[in-house]
Every structure is written in C-alpha cells, then in structure tokens.
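A quick write-up on the structure given underneath.
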Protein chains: 2
Amino acid sequence: MPIRNKRAPTLADVARAARVSLKTASRVLNGASNVRQEKVSKVQAVMARLGYRPNELARSLMTRKSGTIGIIVANLANPFVIEVIKAVQQVARANGYVLIITSSEGQPEVESAEIESLVRRRIDGLIIAPASSGPRLSSHLLPANIPTVTFDQLVRGTAFDSVIITNRQSASEATRHMIAHGYRRIVAVGTRPYLYTSKERVAGYRRSMAQSGFEARECFVKHESLLTAKWLEEEVLRGEAAEAIFSLNWVTTQHVLRGLRDLGISAGRDIALISFDDFDLGEMLTPGLSVVQQPSDSLGRESARLLFERLKGDHALPSRRIVLQARLVIRQSCGCGVGGTLVAGAP
Amino acid sequence: MPIRNKRAPTLADVARAARVSLKTASRVLNGASNVRQEKVSKVQAVMARLGYRPNELARSLMTRKSGTIGIIVANLANPFVIEVIKAVQQVARANGYVLIITSSEGQPEVESAEIESLVRRRIDGLIIAPASSGPRLSSHLLPANIPTVTFDQLVRGTAFDSVIITNRQSASEATRHMIAHGYRRIVAVGTRPYLYTSKERVAGYRRSMAQSGFEARECFVKHESLLTAKWLEEEVLRGEAAEAIFSLNWVTTQHVLRGLRDLGISAGRDIALISFDDFDLGEMLTPGLSVVQQPSDSLGRESARLLFERLKGDHALPSRRIVLQARLVIRQSCGCGVGGTLVAGAP
DNA sequence: GTGAAAGCGCTAACAA
DNA sequence: TTGTTAGCGCTTTCAC
C-alpha cells in the first residue's frame with residue numbers, strides 16, 4: 001500500500017514498493033531495454049497492483065513535448081470540417097497524439113484567443129483553418145517553435161505549410177458546366193467575400209463567364225445571417241435576372257436552399273444550382289445536388305502528414321504547399337437529368 | 001534580454017528582468033491583490049516585452065488541475081454529436097477549459113484506450129457517450145476523482161451523472177403517429193440492438209404497436225456496413241411486408257434512404273418513414289423527412305453544467321440524471337402532406 | 001507586501 | 001545494468 005491513501009500513486013510510490021530506484025521504474029515505464037527482465041516484471045506487477053497511471057503532464061514538462069496537437073476550425077457544423085478533423089484525428093492517434101479542437105467561429109479575435117490558449121498549453125503543433133486571409137495570424141502570436149499547418153484558407157505573407165484545394169480551377173469548371181447547359185445569367189452567391197477561398201472561387205467563376213462573353217454577377221453577404229429569402233429575391237433573383245446560381249460554400253448553399261424553398265422555387269428545377277461543398281444527403285435531394293466536392297479526407301491526412309514530418313524530423317524544412325484536386329460531382333441540380341437543356345458538348 | 005536565447009522565457013526570466021522575486025512575478029501573473037501597483041505594472045511590462053507565455057503544464061502539475069475536459073463520442077460524423085460538442089465547447093470555453101475530443105468509433109476497446117490516454121493527461125472531467133451499455137465503462141478505468149458525465153447511452157450499474165432523452169416515449173409517439181396514418185405493417189430498423197438507446201426505442205415502438213394490436217417487427221444489423229439495399233429488400237420490405245419504416249438512429253436512416261433509392265423506392269411516398277435523429281437538410285428532402293429530434297444543444301449544455309458543478313463545487317453530490325424531451329417533428333415522409341392517408345384523430 | 005525554500009511527478013545527465 | 005543528482009516552470013508553504 002502506498003503511504004498516502006488519497007493521492008494517486010506516483011512513479012516514486014511504484015519504485016518504493018518494487019524496491020528499485022526511481023530511474024529504474026522510469027526505465028520500465030518507458031520500455032527501455034537496459035533493465036533486467038526480472039525487475040521489469042516486478043515493476044510492472046507493482047504498477048498493475050497499485051493502479052499506477054503515468055502523469056503525462058509531468059513528463060511533458062521535462063520532455064517539452066505535450067503530445068497534443070491543436071486544431072482550430074471556423075465552423076464545427078460544417079461536415080467538410082468534420083471530415084478533415086476525423087482524418088487528422090486518425091493520424092494523430094496513430095502517432096500517440098491527442099487533439100485539442102477549438103473553433104474560431106470565423107472571427108480573428110476569437111482565433112487569437114484560442115491560439116493563445118493553445119500555446120499556453122504547449123501544443124506540439126497546430127493545424128488551423130485561418131479565420132481570415134489577412135496578416136492577423138502572424139508569428140507574433142505563434143512561437144516559431146510550434147510547427148503549424150494551415151488548410152482551407154491561405155494566409156498572405158506567412159511561411160506556414162499549407163494544404164489547399166483547386167478553388168479557382170474547380171469553380172471555373174463548375175461554371176463552365178452550367179454555361180454548357182445554356183445558362184448565361186449565372187450568379188455567384190457567397191459569404192465573407194474577403195476570404196481567400198471566396199476570392200479564388202469568384203476568380204474561377206469570372207474566368208469562365210468571361211470566356212463565354214457573359215456578364216459575371218456576384219452577390220455577397222458579410223455574414224450568413226443576412227442570407228435571407230428576401231435578400232435572395234431582391235439581390236440575386238431580381239425577377240428573371242438569374243437562371244442559375246453558383247453557391248460558393250456550404251453555409252451559403254444551406255441558406256440558399258432554404259430561401260428558395262421559402263420563395264416556392266425549386267432549386268435545380270426552376271433555377272439551376274451548383275454548390276461548392278457537399279452535404280450528407282446531397283444526393284438524396286430532389287433534384288440531387290450537383291456539387292464541387294472537396295477531398296476532405298486527403299486534406300486532413302495531408303495536413304497531419306506535413307505536421308508530423310516536422311514534429312518527428314526536421315524542423316527546418318522549407319515551407320511546403322500542397323494543392324489537392326476538388327471534384328465536380330454532377331447530379332441533377334445543375335440541369336442534368338431533369339429534362340434540362342444540356343447543350344451538346346457539355347462535360 | 002534573457003540569458004538563454006533559444007528557450008521561451010520563463011517566469012524566472014521575467015522576475016529577473018523585472019528585479020522582483022519569482023513569487024511576486026507569480027502573483028502578478030495570477031492577478032493577486034497583494035502586490036504594489038508599481039511592481040504589477042513593471043512585471044506586466046516585462047512580460048509583454050519578453051513575449052512571456054505562461055506554461056500551463058507546469059502550473060497544472062502543481063495545482064493538479066489541467067484545465068482540460070475530455071469528451072468521447074461514438075461517431076464524429078453524426079451531426080447530433082457535433083451539436084452536443086459545440087454546446088459543451090461553449091460552456092467549457094466560458095469556464096476557461098479546453099476540450100480534448102476523441103472518438104471511440106462505438107468500440108468498447110477503443111473507448112478504454114481513449115479513457116486511459118485522457119486519464120494520463122490528467123483531464124479534470126470527462127463527458128462521454130458510452131460505446132456500450134454494459135459494465136465495461138467501469139470505475140477501474142476511471143479514477144474516482146475524475147468527475148464524469150455520460151450522455152446518450154445509459155450505463156448499467158454506475159453512479160455517473162447522466163443526461164439522456166425520452167427515447168421510449170418519443171419512439172412510442174412516433175410509432176403512434178404512423179399508426180394514425182393507417183399503417184399497421186410498421187417495421188423498426190436499426191443498428192446495434194444491444195445499446196441502451198436501441199432497446200428503449202424498440203420498447204416504445206413495441207408499446208404503441210401492442211396498444212393497437214399490431215405485430216411488431218424489428219430488423220437489426222450489428223454494424224451499419226451490413227445495411228445494404230439487398231438486406232433492406234430481403235429482410236425489411238419482403239414484398240408487401242412493410243408499409244412504414246421507423247428508423248432507429250441517424251446512421252440507419254442514412255443507409256435506409258440510400259438503400260430505398262437504389263431500389264427505386266421513394267422514402268415517404270412509396271413507403272412511410274420516420275427517423276430517430278434529424279439531418280442538416282432533412283427538411284429539404286422530397287418528401288421532407290419526419291423525425292424525432294434530439295435536443296442536442298440542451299443535451300450538451302446540461303452535460304457540461306453537471307460536470308462543472310462538480311468541478312467547481314462539491315465533488316460529493318449524489319449522482320444525478322437528467323431526462324430531456326425529444327421532439328417529434330412532422331414533415332411529410334410519415335405520410336403527412338403528400339396525399340397520405342392520415343386518419344382522423346392523428347396527432 | 002514580499003521572498004526563500006520546497007516540491008508537483010517525471011526525465012536527463014551523469015556517475016557507479 | 002543501476003542509482004544519484006539535478007532540474008522542467010510553476011505554485012505553495014511559511015517566514016520576514
């Protein structure tokens with residue numbers, strides 16, 4: 001029996017009970033090879049008997065490794081984000097790391113506060129979907145010795161590893177697809193125009209519109225709460241002003257779908273729609289939602305890989321950028337397969 | 001300038017630079033009142049100048065409080081789970097705590113491993129959706145001094161605080177609603193029959209069926225991967241054997257919807273359907289999905305509240321159980337509003 | 001008000 | 001192969 005009855009047993013308690021030195025007990029704990037088998041068994045037996053639980057906090061203090069990875073996302077409700085987290089989680093677990101997940105709610109101030117909190121907890125690495133593309137996420141917040149990988153948004157003027165997708169190209173492709181259906185009054189709808197992803201997707205959309213000689217029109221709200229049916233009707237639809245909508249992100253699509261329904265307009269039938277980002281039941285809608293699908297699993301996996309490469313190995317690698325291919329998934333809402341007017345030669 | 005150029009500045013560095021004692025610096029850090037204002041300012045100035053970041057790990061070692069809450073869920077993909085986490089996260093953040101989120105994948109062995117990992121990291125509290133209702137989640141895994149709240153599943157023979165919902169009653173209500181539509185061949189479909197939630201929901205379903213003198217029929221798969229279109233056709237539908245389906249959880253509904261579509265059967269039109277658990281776009285399906293909606297936000301909030309009550313105050317409170325009311329949300333797939341055969345007197 | 005000393009539970013660097 | 005001695009960065013006595 002350990003002397004103190006209340007406190008959890010420490011390695012010292014174990015060592016005492018096993019009649020070995022603290023260091024020997026420590027060696028057994030860490031699976032060091034240079035301990036006599038006999039003592040190993042004895043120490044392990046005592047550990048089991050006492051119900052010994054190593055204190056990772058104490059270990060971390062000494063090793064300067066907390067075994068935790070921070071991950072900051074903008075919106076936990078977004079299934080894309082969840083899939084990324086799941087992938088990161090898998091890699092982290094396989095490496096014996098644990099994830100501290102927080103959300104910035106897309107607000108740079110919250111993001112800063114969360115970073116500070118994580119740094120104080122001495123995370124070994126950070127994976128972050130930045131809340132803004134501006135220079136807020138700067139190195140004065142993050143100590144240089146915390147490897148960081150950004151995903152989704154790209155932050156100007158930083159040297160973080162990053163994983164992004166083909167925003168511009170995929171947006172262009174989606175737009176081209178709608179154009180091939182014969183639509184020319186295609187409106188891009190989105191939130192937070194100042195984000196990197198928004199800008200890139202708009203650029204892709206514009207490129208395709210311009211190539212066909214059509215006029216691009218973008219409707220943005222600063223925050224999704226402003227994306228109401230009324231706004232849709234007055235700003236986007238404007239009577240006959242829109243034949244098709246290109247929704248620039250998940251939360252936008254959600255609000256656009258609800259708004260159109262409230263207006264008695266069938267998304268995909270009365271007006272064509274392609275969404276950047278998919279839904280759990282996107283295929284089950286009628287008509288099925290045509291989407292640009294982000295490779296969320298690879299995105300998480302690659303982000304984690306980049307991070308662990310720095311963690312395990314060389315801290316001084318040059319900063320790397322990975323661009324993953326997003327995929328245009330054609331279902332019906334784009335105009336395909338609902339007696340739509342798909343023009344010959346369409347994708 | 002601190003002497004060591006490489007290492008992050010410590011409180012000792014701060015104290016030295018500010019020409020005060022370590023303890024005074026510590027007092028300033030913790031906002032103690034008994035320090036002369038002059039010194040407070042000085043220390044704070046030095047902290048800012050040096051870019052000092054308190055090491056929470058070191059503090060935790062001494063205070064025996066890590067400022068972290070563990071949360072273990074069965075499936076991060078489930079939006080219900082995510083909403084619970086979001087609510088818990090909010091409360092945790094408001095209390096200065098951080099969340100370590102892990103997933104058991106519904107497997108008791110993984111759950112045990114995750115618990116062990118969290119205990120070693122000295123979480124201050126645990127919120128867990130148990131992977132099984134059996135006695136696996138027992139106190140030999142969890143030290144008695146780690147307050148724990150379970151939600152979703154109820155674990156037999158433990159004294160944890162818990163937050164659950166009206167599984168039985170709500171399942172009964174949903175079944176009654178379908179019966180009122182005139183259906184009598186209503187089949188309950190689900191996964192993992194051994195779970196508390198499954199049993200309760202089945203019990204509610206059976207009660208309503210029995211009250212109307214109808215024969216209850218349940219179709220279970222052990223794992224969702226077995227829930228294929230073929231299985232649906234052969235085990236659930238069996239020709240005309242099913243007029244309505246009561247899907248017992250989120251993942252089941254997802255597979256049932258896909259399966260029915262693959263069979264060319266419209267869920268809600270050709271066969272009635274009520275789902276336990278809602279979807280992001282549940283309302284946007286055609287017909288709209290009728291569901292039992294769990295109060296996920298309250299569930300998370302209440303779980304967190306129970307936990308923090310123990311954390312902040314009395315550890316020796318008697319164990320409490322909170323039962324929250326789930327809500328039957330009638331859209332169309334139950335038979336309402338699609339020219340269904342709703343019988344007079346239906347809810 | 002302030003500070004010196006001790007110690008939280010572990011590992012690192014040495015010596016034996 | 002083993003043990004001893006220092007710490008890691010902070011908080012907590014308990015003196016002054």
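Everything numeric in this text was worked out from a predicted model, so none of it was measured.
For C/dG9, neither phosphate oxygen OP1 nor OP2 lies less than 4.0 angstrom from any side-chain nitrogen or oxygen of A/Thr10. Considering only side-chain N and O atoms, A/Lys23 lies nowhere under 4.0 angstrom from the phosphate OP1 or OP2 of C/dA12. An OP1 or OP2 oxygen of C/dT11 is reached within less than 4.0 angstrom by a side-chain nitrogen or oxygen of A/Ser26. A close approach under 4.0 Å does occur between a side-chain nitrogen or oxygen of A/Thr24 and OP1 or OP2 of D/dG3. The phosphate of D/dT11 has neither OP1 nor OP2 within less than 4.0 Å of any side-chain N or O from B/Thr63. A close approach under 4.0 Å does occur between a side-chain nitrogen or oxygen of A/Asn30 and OP1 or OP2 of C/dT11. Taking only side-chain nitrogens and oxygens, B/Asn55 never comes nearer than 4.0 Å to OP1 or OP2 of D/dC8. A close approach under 4.0 Å does not occur between any side-chain nitrogen or oxygen of B/Arg59 and OP1 or OP2 of D/dG9. Here A/Lys39 does not reach the OP1 or OP2 of D/dT1: none of its side-chain N or O atoms lies under 4.0 Å away.
Salt-bridge formation is not detected for the pair A/Lys42/A/Glu38: no Lys NZ or Arg NE/NH1/NH2 atom is positioned less than 4.0 Å from an Asp or Glu carboxylate oxygen. Remark: B/Glu83 does not engage B/Lys86 in a salt bridge, criterion side-chain N to carboxylate O under 4.0 Å.
From B/Ser303, atom OG reaches atom CD1 of B/Ile71 across 7.5 Å, with rounding to the nearest 0.5 Å.
With C/dG1, C/dG9, C/dT11 as the candidates, the nucleotide lying closest to the side chain of A/Arg7 is C/dG9.
For the pair B/Ala58 and B/Arg36, both in contact range of DNA chain C, the more 5′-proximal nearest nucleotide belongs to B/Arg36. Both B/Arg27 and B/Leu61 sit near DNA chain D, but only B/Leu61 has its closest nucleotide nearer the 5' end.
Following rounding to the nearest Å, B/Lys65 (NZ) and D/dG9 (P) show an atom-to-atom distance of 23 Å. Atom-to-atom, NZ of A/Lys42 to P of D/dT2 comes out at 12 Å; the value is rounded to the nearest Å. In this structure, B/Arg19 atom CZ and C/dG3 atom C1' are separated by 16 Å, rounded to whole Å. Atom CZ in A/Arg121 sits roughly 23 Å away from atom P in D/dC8 (whole-Å rounding). Remark: P of D/dC10 and CZ of A/Arg64 are 11 Å apart, rounded to the nearest angstrom. For the pair B/Arg122 CZ and D/dC10 P, the interatomic distance rounds to 21 Å; values are reported in whole Å. The distance between atom OH of A/Tyr52 and atom C1' of C/dG9, rounded to the nearest whole Å, is 7 Å. Atom CG in A/Leu11 sits about 7 Å away from atom C1' in C/dC10, given to the nearest Å.
Of the residues A/Gln153, A/Arg320, A/Arg321, A/Glu302, the one that meets the side-chain contact (heavy atoms from CB on, under 4.5 Å) test with A/Ser162 is A/Arg321. Screening B/Asp161, B/Asp124, B/Thr148 against B/Arg310 for a side-chain hydrogen bond (donor to acceptor under 3.5 Å, both in side chains) leaves a single residue, B/Asp161.
Within 4.0 Å of B/Leu22, counting heavy atoms only, lies at least one base atom of the nucleic acid.
Remark: the separation of the P atoms in D/dT1 and C/dC10 is 24 Å, to the nearest Å.
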